[in-house]
Each structure stands twice: as structure tokens, then as C-alpha cells.
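By convention here, the first residue in the shown sequence is residue 1. Hydrogens, waters and symmetry mates play no part in the numbers below; they use all other heavy atoms, side chains included.
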Amino acid sequence: MAAAEPARPRRRVSQADTSEGQDRQPSRRAGSTPRPGVRSAASAMQSAAEQLAQLLGRPPDAVSSLKPTEDGWVAQVEVVELERIPDTTSVMASYKVVLGEDGDLISYERTRRYTRGMIDRLP
């Protein structure tokens with residue numbers, strides 16, 4: 001049988017420690033700001049995809065990138081513009097979508113058109 005470890009002394013919490021701890025806010029990464037409308041990357045992705053779909057009348061295929069900015073979010077959303085058979089020849093488009101702090105779409109721009117089966121080549 002193993003010997004029991006000696007009890008470790010516990011730190012006592014004083015009244016002053018508890019009152020100071022209650023006033024503290026949870027720590028955030030440096031440079032991050034609270035977002036009143038869009039609080040997470042997942043909700044920003046959903047918001048970008050839904051609003052672009054309303055404007056284009058086509059459902060998004062994927063959100064390929066998402067970046068927080070000082071004023072909101074920037075996303076790249078992939079959309080099927082022309083369906084073909086086989087689907088590797090379908091025409092795709094990549095849209096840059098800018099969302100404000102509240103999650104509303106501020107602007108969008110088609111940045112690229114390509115076929116679904118096309119593979120990016122490194123320079």
C-alpha cells in the first residue's frame with residue numbers, strides 16, 4: 001500500500017480578495033473588442049452566408065475564410081453560379097462579404113470565378 005501524501009495547505013480567501021474578484025471582467029485577448037450584434041465566428045459565418053444568399057438568390061456552397069476586423073468581419077463565401085453536369089465543371093464564384101459590428105452586411109464583391117474542379121496552383 002502506498003503512503004498517503006501529506007495534506008497541502010490551502011490558501012485562505014480573505015474578504016478583500018472576494019470583493020476585488022467580483023469587480024473583474026473576464027480577460028480577453030489583446031486588441032479584441034466586444035461585438036454587440038455578432039459575438040462569435042460561427043454567428044458571423046452564418047450571417048454572411050444568409051445575407052449574401054438573400055441578395056444573390058442562390059444558396060452559398062461554403063464560407064472559405066472569415067476574419068475579424070476593427071469594424072466587424074470579412075468573409076469569403078463560395079457560391080455555385082451555374083450548375084453543370086458533371087458538377088466538377090459547375091461555375092463557382094468567390095465573394096468578399098463585409099459585415100459591420102452589428103452583423104449587417106455592409107458590402108459584397110465577386111472576387112473570382114472558377115470551375116468547381118479547378119485546383120489552385122502555387123506560383
Grouping I, L, V, M, F, W and Y whenever their side-chain heavy atoms are under 4.5 Å apart, do L55 and V97 come out in a common cluster? yes

Evaluate the side-chain contact (heavy atoms from CB on, under 4.5 Å) criterion for residues L99 and D104: first the C-alpha distance (whole Å), next the side-chain angles of each, then the deciding distance (0.1 Å), finally the verdict. CA-CA 5 Å; L99 300 176; D104 288 338; over 6 Å; no

Just checking, is any N or O donor in the side chain of E50 or Q46 under 3.5 Å from an acceptor N or O on the other one? yes

Summary of side chain to side chain donor-acceptor pair (under 3.5 Å) pairs that have at least one residue in residues 85-97, sequence neighbours excluded: Q76-S94, E78-S94, E81-Y95

Quick check on side-chain contact (heavy atoms from CB on, under 4.5 Å): which of V77, L56, L105 does Q51 satisfy it with? L105

Count I, L, V, M, F, W, Y as connected when their side-chain heavy atoms are under 4.5 Å apart, and connections chain through other members. Are L66 and V79 then in the same cluster? yes

Taking a hydrophobic cluster as the set of Ile, Leu, Val, Met, Phe, Trp and Tyr residues connected by side-chain heavy atoms closer than 4.5 Å, whether directly or through intermediates, do I106 and W73 fall within one such cluster? no

Over all atoms of both residues, closest heavy-atom pair of A53 and P60: CB-CD, 3.7 Å

Test of understanding: with salt bridge (Lys or Arg N to Asp or Glu O under 4.0 Å), list the residues that count as partners of R58, not counting sequence neighbours. none

For G103, is there any backbone N or O sitting under 3.5 Å from a side-chain donor or acceptor partner on S47? yes

Quick one: list whatever passes side chain to side chain donor-acceptor pair (under 3.5 Å) with R84, sequence neighbours left out. none

Would you say the side chain of T115 lies within less than 4.5 Å of the side chain of M92, judging by non-hydrogen atoms? no

Both conditions, 6.0 Å and 45 degrees, for the charged tip of R110 above the ring of Y108: are they met here? no

